[in-house]
Engineer: 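Handing you a structure now.
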Number of protein chains: 2
Amino acid sequence: MTLTSSSTLATLDRTGPRRITDLAVREGVTQPAMTVLVRVMEESGLVERRGDPADKRVTLVALTEAGTAYVRARRRAGVDEFVRLIDQLEDDEVEALAAALPALQHLAALDSQEREEPKQ
Amino acid sequence: MTLTSSSTLATLDRTGPRRITDLAVREGVTQPAMTVLVRVMEESGLVERRGDPADKRVTLVALTEAGTAYVRARRRAGVDEFVRLIDQLEDDEVEALAAALPALQHLAALDSQEREEPKQ
DNA sequence: GCGGATGTATAAATCGTTCATATAAATCGG
DNA sequence: CCGATTTATATGAACGATTTATACATCCGC
């Protein structure tokens with residue numbers, strides 16, 4: 001599992017089926033790279049191609065059930081790992097982390113916002 | 001600049017000259033990979049090889065002045081980017097972030113501690 | 001309906017990597 | 001001390017994910 005494939009699967013889980021060009025831009029790779037990545041993931045049964053009836057050029061990429069299960073399992077494993085670490089913190093440290101969550105969300109929002117509208 | 005080379009340069013800046021095997025372990029790549037990476041960085045003038053007088057097998061890898069300057073510039077660029085984002089937060093959000101720093105440091109310490117002594 | 005634009009696929013080349021192996025220097029057991 | 005083993009690095013072949021160049025099919029505006 002490469003970084004790009006993990007991220008692509010997560011994107012598909014978050015946003016639903018997407019066309020290949022769209023995925024390539026979101027993941028920051030070229031369209032041919034995404035084409036072959038989709039083929040590999042398709043052969044692994046994590047993903048399936050659906051034609052778009054409205055535009056016969058595009059192939060929509062969607063998570064299969066196995067793909068969804070995989071993404072969810074991975075996410076849960078990561079969450080568990082975090083929980084395991086946070087459980088070892090002092091109570092006041094956990095409170096401080098929780099109190100900082102809105103600021104972190106705001107930071108993430110500002111960052112992604114700037115990525116979407118570069119230097120306007 | 002690949003992820004591994006950036007990380008290796010940062011390691012050299014933090015810890016001083018290191019032997020190739022050591023760097024390979026720290027960066028999670030094989031020794032041959034680190035050997036060629038060092039050669040590339042040497043050709044770029046970021047790094048130099050020094051023989052170890054105490055053990056003629058080892059080649060100590062050290063940052064050149066240019067390498068140090070590069071690492072520092074990169075680090076400053078990253079800090080600046082963070083500052084730019086944090087400046088857009090509300091005052092209470094910045095305070096909350098600052099208050100969470102000890103908890104984050106504790107988390108990082110717990111994590112690196114577990115990596116060093118795996119499942120004992 | 002034709003011409004340019006758009007979405008995807010394919011082929012060749014590149015790059016960072018691993019695996020296998022070679023060489024040289026250090027260390028250890030007798 | 002001396003041969004055997006271990007340790008540090010280097011080298012070469014193969015691999016896998018990627019990019020660039022290009023081809024092909026379909027859409028869309030005029």
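The chains referred to below are lettered A, B, ... by the order of the sequence lines, with proteins before strands, and numbering in each begins at 1. Predicted model, so just to flag it, every value in this text is computed and none were measured.
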Engineer: Rounded to 10°, tell me the angle between the two end axes of the helix from dG1(C)-dC30(D) to dG30(C)-dC1(D), each built from five pairs.
Structural biologist: 20°

Engineer: Under 4.0 Å, heavy atoms only, any strand: does Arg19(B) hit a base, just the sugar-phosphate, or nothing?
Structural biologist: sugar-phosphate

Engineer: Would you confirm whether Ser7(A), through its side chain, and Leu3(A), through its main-chain N or O, come within 3.5 Å as a donor-acceptor pair?
Structural biologist: no

Engineer: What integer distance in Å separates Glu27(B):CD from dG16(C):P?
Structural biologist: 15 Å

Engineer: I need the CG-P distance between Leu23(A) and dG7(C), as an integer number of Å.
Structural biologist: 13 Å

Engineer: Answer yes or no: does a side-chain N or O of Thr35(A) lie under 4.0 Å from OP1 or OP2 of dA9(C)?
Structural biologist: yes

Engineer: Taking atom CG as the centre, does Asp91(B) end up with more than 12 heavy-atom neighbours from other residues, nucleotides or ligands that are less than 6.0 angstrom away?
Structural biologist: no

Engineer: Keeping the roles fixed (side chain from Thr15(B), backbone from Leu12(B)), state whether a donor-acceptor pair exists under 3.5 Å.
Structural biologist: no

Engineer: Please tabulate, for side-chain N and O atoms in residues 95-107 of chain B, each donor-acceptor pair with protein atoms closer than 3.5 Å (sequence neighbours left out).
Structural biologist:
{"unit_1": "His106(B)", "atom_1": "ND1", "unit_2": "Glu93(A)", "atom_2": "OE1", "d": "2.7"}
{"unit_1": "His106(B)", "atom_1": "ND1", "unit_2": "Glu93(A)", "atom_2": "OE2", "d": "3.0"}

Engineer: Can you tell me if CD on Glu65(B) sees more than 12 non-hydrogen neighbours from other groups inside 6.0 Å?
Structural biologist: no

Engineer: Using modelled atom types and a 3.5 Å cut-off, is there a donor and acceptor pairing between side-chain atoms of Ser5(A) and backbone atoms of Met1(A)?
Structural biologist: no

Engineer: Does any N or O in the side chain of Thr64(A) come within less than 3.5 Å of the main-chain N or O of Gly67(A), such that one atom is a donor and the other an acceptor?
Structural biologist: yes

Engineer: Summarise how protein sits on nucleotides 18-30 of chain D as a single string, 5' to 3': B when a protein heavy atom is under 4.0 Å from the base, S for sugar-phosphate-only contact, - for no contact.
Structural biologist: SBBB---BBS---

